Amino acid sequence: MVRPTRLQDILYHDWLLPQEARSVRSEIRRFVDEEVMPEADNLNTCIEDAAAFPRRLFCRMAEAGLFGVPFGVECGGRGLEYPLCAATVTIEELAYASDGLAAIYDDHALLPGAALLHGSRDVRRRYLEPLISGSSIACMAITEPHAGSDLRADTIHTHAVRDADTYVVNGRKRFITNAPVGDFMTTLFVIDGAMAMLVVDLHASGITVGPPDHKTGNRVQLTADVWLEDVRVPCGNLLGEIGKGLHIALAALTWGRIVIGASGVGMAQAALDECVHFMQRREMYGGTLGDLQYWQLRLAERATQISNARDMCYKAALLYDRGSRKPEPEMAMAKYYGTQVAGDMARDAVQVFGGLGYVTRLGADGSTYRVEQIYRDCKVAEIYEGANEVQKRVIARSLLGSEYLS
Amino acid sequence: MVRPTRLQDILYHDWLLPQEARSVRSEIRRFVDEEVMPEADNLNTCIEDAAAFPRRLFCRMAEAGLFGVPFGVECGGRGLEYPLCAATVTIEELAYASDGLAAIYDDHALLPGAALLHGSRDVRRRYLEPLISGSSIACMAITEPHAGSDLRADTIHTHAVRDADTYVVNGRKRFITNAPVGDFMTTLFVIDGAMAMLVVDLHASGITVGPPDHKTGNRVQLTADVWLEDVRVPCGNLLGEIGKGLHIALAALTWGRIVIGASGVGMAQAALDECVHFMQRREMYGGTLGDLQYWQLRLAERATQISNARDMCYKAALLYDRGSRKPEPEMAMAKYYGTQVAGDMARDAVQVFGGLGYVTRLGADGSTYRVEQIYRDCKVAEIYEGANEVQKRVIARSLLGSEYLS
Amino acid sequence: MEQPIERTQERIYHGLNIPSEVEEVRARARHFAEHEVAPVVTAMEESPERVSSFPADLVARMAELGLYRIPYSSEEGGAGLGTPMLAAAVVMEELAYYSNSIAVIYDCQCLLSGRVLQYASHELKMSYLPHIMSGRKIACVAITEPDAGSDVSPASIGTTAMPDGNGWRLRGRKRFIINAPVADFSFVLCTVDGSLSMVVVDLKQDGVYVSPPDRKLGMHGCLTADIVLDGAYVPATNLVWQAGKGLRIALGALTRGRIAVGASGVGMAQRCLDLSVHHMKTRRLFGRALAEMQHWQFRFAEHATHIAMARDLCYKAALRHDYGEEFPEPETAMAKFYGTQVAADIARDAVQVHGGYGFVSRLGADDTLYAVERLYRESKGPEIYEGTNEVQKWMIARQMFGR
Amino acid sequence: MEQPIERTQERIYHGLNIPSEVEEVRARARHFAEHEVAPVVTAMEESPERVSSFPADLVARMAELGLYRIPYSSEEGGAGLGTPMLAAAVVMEELAYYSNSIAVIYDCQCLLSGRVLQYASHELKMSYLPHIMSGRKIACVAITEPDAGSDVSPASIGTTAMPDGNGWRLRGRKRFIINAPVADFSFVLCTVDGSLSMVVVDLKQDGVYVSPPDRKLGMHGCLTADIVLDGAYVPATNLVWQAGKGLRIALGALTRGRIAVGASGVGMAQRCLDLSVHHMKTRRLFGRALAEMQHWQFRFAEHATHIAMARDLCYKAALRHDYGEEFPEPETAMAKFYGTQVAADIARDAVQVHGGYGFVSRLGADDTLYAVERLYRESKGPEIYEGTNEVQKWMIARQMFGR
């Protein structure tokens, strides 16, 4: 299959990212072209079961040092000066080929990784180093059946009691990415009415992982419920201290929100590239689809939105790397706008491809179409890691002051 | 599963449909509630193979006289005074539960049925009567790999030569609904440089039906390529006359476009009903999701769009039944706007449901969510039976005059 | 003056269920608008809002043509039509096609005011309604106050009636009251004994002060102002229906008003479409008519669709009202918000497709007039008055969520 | 006068890569706009377009403050900034915050005109540029013609130069020329020997007729008119660069102009946002501040996002230009269309959230002024001039599709 021209190089001129991050982008793009693209179709169309987890690719990512991008050298990471900028372009490039793979990366390296930075040196040695080296698969466990965006001590039902040197944990987590193949999960729970965060070994007794959810898209990103029934966890596995659980979760989601915005940008760019490639070749009314002024102007609008979204993601990451731990409102803008653009672009892209944009696999010759995958993948990005409406609340708070937001 | 309240009865007041069509609606709704709803989940999530075709339900539709709705008594139909109005509400009600099933109905009864009305008495006896009785499964074959919206004698590659009393047909058709289980197809082809329409027996020698396409949605609607290789068709199977092929196809698509608009309305209404039901029950921030003003106002906009789309579909159907064989621009408006509303509403609906809106099947307990199905189903409606851009061209032609449309 | 150009309505819209008597009303209103409003609309809108610039001639002509009688039954001295609200909506549409100022004056004179009187005693009604229909007196309806816009509740209405002899003295301030600077009387929403009530106030008396007219974005031909009530006398017989029914009466009147305002949006939108189509066919760019540009073809195809739907929505709400629904919801709320939204949407594109000519009202070089800049200004108001579009959506949502 | 209110810019936008000298320019322009433009903008915009109403005082003050020198190097006698286009964009933003009329006058005086001169011989440049920077003479650029808007090709430009002695005689008509009624000279796109060329024409001579100013939807403080050339004399030395380079020069000037116009959109959008936030915090409805309504919170959160992105887009285009790109595409096209679109989008919602107050320019009751209705009118123009937004999208598409 001929891959479309990357229009990013023509339409976008970077004015924000440090050279370091641009180098990381080149490296990741090469990795994606060589390692991910040949398997992308399968990643994006597989059926969710534990066997679908891309173990070989996961190992290749580890070997190539991708999981070390956001971390310091002391725990095996790259020690970059602008780690979140680099992580942002990493996600963008992965999502260009497979948003499911980008989500695996996010939910393995970024979210649990950020939480583990709050752990003791021992915890970091036992969990963060294997995470970076790829010898363990990590999960982040925040959501529960009745607690999504609204995280409070009385909405979180997973709870623990202390018994000597261990916490005994009971509860249930939902939509836990990587759980069907995971080794541990950083887990938000409640103890004595306060929220806290704990590393739970998924091979421990009392853990049950449900069958993977079947989803619209992001197929290779396996999610499942996790039940915890009298699971005993050493007290040393506590991250930070009791009462700091929400803080740690939100700090991790700060990373998550920026990179999810970038995943939207990656998907949108891929869809745009596919459209232009297709339109230049598809014959219609004696010319090509690319001659139709309606689509020309519409895609020009989308290209503008994509450039804007990309700049906003980079800006939020750069503000963070320069020391702002809560780069608001840019972070919220990056998340909501980056993912909305993906949704807008994907809907148009399927329309451009017509019937071919709607097939997961053409019966006649087994063809698949990237835009169909993106249409299925993009919607979840508007939802996870803080639904876009939550982001708009955050922006409104910056704009109006918190006294107006009940 | 508790089914949501049908808000149509609260939000919409019919001022267009004749009593006859309202009675048909009541009848179809009862049929859908009793026969389709219990199987809807399976229809909407199955994997495309020939075994997935809902034979029992197809027979039940035949027994209940659904395939006779658009036709006169002389060929076994109901002989209604307003047949297209009745067909429109039939599709709307079917799509409320399963757009895939609505598409099967459309591509069996409406499109081939409309084409067969141009056939001789003998053809109607041999094909239309079994179609209505459900003893044959029909297909409409217009699209080819290189001809979609742009139908001209030199874009249609399927062609025939005459040999004594038969036409010898060669070519390839694409995205042919019902083909994997079909008995015959009304086929657009070219002979001596002119377009014509022919009934081709799918059990004839020289016919190969490809494996079903795998699609984003409308799963139970099986589509496939059909190859025709020296297929011999009796000349009596010609519909109308040579040179009238496009005319017959467009006449059939006149029915199709109006009902596809209505299928969008049915999907949008189902998604709206699901949202309101969910929002009234989902707890959040100490109240319910239904308390959030943002979603209240946004769904009010969607409800308005749905009412508008419904009225437009009924109006187009009524104009047709009153004698306008090309009810423009209403027909084009109904198709594009009805399906666009479905897309708008579906995207919002998944957003309202959050993660639950994104699962095809929740691993933990096997739950499925109607809004996820609608998000997958709705997109194709913006594409098939004349992409929405084609409809806008038609409207622009009404508005500006054809001299401005090249 | 405004040039009549080809109407595209017949190309993009086919009416169903429209009685022939309503088509007769449309023809009458259209003839008036085209021959009497269009020639003067530019002059009217170019002068800033002053009492002296009130289009009294046109207001009188509408009376002569019987337009104010359209919403009323024969028993009331009205036109006695089978579907009076539908006919009135069509009048609004045709007036707004050339001037939304005239449309809104019409709305206030006979739709809002007249509807209030239908809740009144026979005696009260008969002492005002004939003057409304004959146009001899100008009416207005005063609901909004400086601190209460769409929020109509006893706590937020500051205008109060204090007993005085066989009547009341009114104190308070009403804002944005259409027709106030020229009106003879006003229906005033106020509290009587703490409950919302509607009374008829003679404006030509001491104790009533009407501010100079507001200067507005558009619609300069209709005047709005504050009415300050500083002890104005209201005889007890001027209470409409009974004390405590003020809100119900206001909502009843606003139901007709909202349908009418939706229809005025349709009229403006149709004018924008016609002007744009005319321009697109005559203006050439890069060697082609603008009408050949696919971008504009599709944009205006979408607008045409929205106009067709908005028109049907207004007619449907009107017909349900005519068939006996006092509050035909949600169609009334939908018609108001959607009809006016469509107008503002298309006005923006109408200016855009006209390019530089869309931004000028009068070309200096040869004094040519262009109407779309006026429509751009005029169309924004209806998204706000008679209940903002957000309030309309909230009403639809309330119906949907059962609250 | 326009009231200064809290600026939300610092709450929703954090600049990156902005040199401190540019921030100094911003402070200077802002001080001028706030203290000298804001007090007179209402009076200026309320009077219809007349030659006598041209804001000559403000135009002179901008010269005194050195604002016209900002786009130029020290060698040219300019401010010699490191990033002159970025600084000029910031000036446009700050001027348009209070008055887009002043911003567009500034644009024509020193950005478009000055840019044309940078293609000229040293001698020609030095005989005009000092007058531009000192504000002693008013400049304008004449590209558009009655039958050629965005379409700039030799075939569509009807203004022609016929040889006459050591120069030419010009005949033709230019339309919508900003500053024309008060300008001393004009850069005129015309054909010389059939090829597009740019010449400088002294407007104070026989053979030049300037029409009365156009009456416009908004921006009454800036004047546009037709320039009729009926044998106006142009000496050969007044040819810019050389014959046949007219289009290239025009496109070069419009590159700066389009970035500047995008920035003016950002300024207007920011003003709309600030006024709306102020209103939402102070206006109460149903017992709550409007700012507590989730619907409006989300709408303005979206607008704030769009403004932040539009601002960065304009700065990025400006910086790429400052770093040496003569035609920094597609950012210039994106900045122009997106920056102006955002302004018109938010202006519509700003009027909406103000309710009735959004529709009045001057409340009759107490003469209170409201600026959003003016912004609603002002923001529509920039979607059209200096290349319509559709032309900008087409330029982006051309880049994308490789044609």
Side-chain angles (χ1 to χ4, degrees), chain A residues 5 7 10-16 272-273 275-276 279-280 288 290-291 293 295-305 307-312 314-316 318-319 322 324 327-330 332-334 336-337 340 388-389 391-401 403-406, chain D residues 8 10-17 273-274 276-277 280-281 288-294 296-306 308-310 312-313 315-317 319-320 323 325 328-331 333-335 337-338 341 389-403:
Chain A
T5 308
L7 293 174
I10 298 166
L11 294 174
Y12 180 77
H13 300 94
D14 197 349
W15 67 317
L16 295 170
L272 180 69
D273 292 357
C275 282
V276 171
M279 286 168 66
Q280 285 170 331
T288 69
D291 298 330
Q293 195 195 33
W295 281 117
Q296 287 177 5
L297 268 62
R298 193 152 174 126
L299 292 189
E301 292 168 19
R302 298 286 176 245
T304 305
Q305 288 179 283
S307 279
N308 284 339
R310 181 177 284 124
D311 272 340
M312 188 58 83
Y314 295 173
K315 186 174 180 178
L318 193 54
L319 286 167
R322 284 188 184 171
S324 167
E328 294 299 3
E330 284 83 0
M333 289 173 170
Y336 115 68
Y337 195 77
Q340 182 184 294
N388 285 2
E389 291 70 34
Q391 309 306 325
K392 290 180 192 174
R393 275 176 63 89
V394 171
I395 301 165
R397 196 164 53 212
S398 292
L399 180 65
L400 298 165
E403 63 270 33
Y404 293 99
L405 281 99
S406 56
Chain D
T8 64
E10 284 66 36
R11 287 171 167 276
I12 58 147
Y13 180 80
H14 300 97
L16 287 171
N17 303 355
L273 183 67
D274 292 354
S276 299
V277 165
M280 286 165 66
K281 287 183 173 182
R288 293 190 299 166
L290 279 177
E292 293 175 72
M293 306 274 176
Q294 195 179 43
W296 288 121
Q297 289 172 357
F298 282 24
R299 289 289 276 209
F300 283 95
E302 291 163 15
H303 288 308
T305 304
H306 300 157
M309 296 188 303
D312 272 340
L313 198 43
Y315 293 176
K316 182 176 181 176
L319 276 176
R320 288 195 69 219
Y323 294 161
E325 285 285 343
E329 297 295 354
E331 285 84 359
M334 287 176 170
F337 114 66
Y338 194 75
Q341 177 182 291
N389 285 1
E390 290 68 36
V391 168
Q392 307 306 317
K393 291 177 199 174
W394 176 72
M395 291 173 72
I396 300 165
R398 210 169 45 165
Q399 190 130 355
M400 203 155 50
F401 286 92
R403 267 168 293 196

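These figures come from a predicted structure and were not determined experimentally.
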Using heavy-atom distances under 4.5 Å, tell me whether D/Y338 contacts chain A through its side chain, its backbone, both, or neither. side chain

Is chain D contacted by the side chain of A/Y12, its backbone, both, or neither, given a heavy-atom distance below 4.5 Å? both

Can you name the closest pair of heavy atoms from D/P330 and A/I10 and give their distance? CD-O, 4.1 Å

Among A/E403, A/R298, A/R393, which residue has the highest count of heavy-atom pairs closer than 4.5 Å to chain D? A/R393

Could you pull out all residues at least two apart from D/E292 that satisfy side-chain hydrogen bond (donor to acceptor under 3.5 Å, both in side chains)? none

For the interface with chain D, which of A/Q305, A/Q340, A/Q391, A/E389 has the highest count of heavy-atom pairs at distances below 4.5 Å? A/E389

So CG of A/L297 and CG of D/N389: to nearest 0.5 Å the spacing works out to 10.0 Å

Counting only heavy atoms closer than 4.5 Å, note whether A/S307 contacts chain D via side chain, backbone, both or neither. side chain

Name all residues meeting the side chain to side chain contact (heavy atoms under 4.5 Å, CB included) criterion together with D/A317; count only those two or more places apart in sequence or in a different chain, and write none if there are none. D/I259, D/E331, D/T332, D/A335

Option passing side chain to side chain contact (heavy atoms under 4.5 Å, CB included) with D/F300 (candidates A/L400, A/L399, A/I395): A/L399

Measure D/N17 against the heavy atoms of chain A and call it side chain, backbone, both or neither at under 4.5 Å. side chain

Below 4.5 Å from any heavy atom of chain A, which atoms of D/A289 appear? Answer side chain, backbone, both or neither. side chain

Quick check for you: to the nearest 0.5 Å, what is the distance between D/F337 atom CZ and A/E301 atom CD? 5.5 Å

What part of A/E328 is in contact with chain D, defined as an atom under 4.5 angstrom from a non-hydrogen atom: side chain, backbone, both or neither? backbone

Do you know which two heavy atoms are closest between D/H14 and A/P329, and how far apart they sit? CE1-CD, 4.0 Å

Among D/K316, D/M395, D/R288, residue most engaged with chain A (heavy-atom pairs, under 4.5 Å): D/K316

Looking at CG of D/D312 and NZ of A/K315, how far apart are the two atoms once the value is rounded to the nearest 0.5 Å? 3.5 Å

Heavy-atom pairs under 4.5 Å with chain A: which of D/M280, D/M293, D/E302, D/Q294 has the most? D/E302

If you round to the nearest 0.5 Å, how far is NE2 of A/H13 from CD of D/E329? 9.5 Å

Taking all non-hydrogen atoms of both residues into account, name the closest pair between D/F401 and A/Q280 and its distance. O-NE2, 3.3 Å

Structural part of D/R320 lying under 4.5 Å from a heavy atom of chain A: side chain

So which part of D/E390 gets closer than 4.5 Å to some heavy atom of chain A, the side chain, the backbone, both or neither? both

Region of A/D311 that comes under 4.5 Å of a non-hydrogen atom in chain D: side chain

Rounding to 0.5 Å, atoms CZ (A/R302) and NZ (D/K393) come to a distance of 10.0 Å

How close do A/M312 and D/T305 get, heavy atom to heavy atom, and via which atoms? CE-O, 4.4 Å

In Å, rounded to the nearest 0.5 Å, how long is the span from CG of A/L7 to CD of D/Q399? 10.0 Å

Please find the pair of heavy atoms, one from A/A396 and one from D/A301, that lie closest to each other, and give the distance. N-CB, 4.0 Å

Taking all non-hydrogen atoms of both residues into account, name the closest pair between D/I396 and A/L11 and its distance. O-CD2, 4.5 Å

In terms of heavy-atom pairs under 4.5 Å with chain A, the winner among D/Q297, D/Q392, D/K281 is D/K281

If you count heavy-atom pairs under 4.5 Å with chain A, which of D/I12, D/L319, D/L273 comes out on top? D/I12

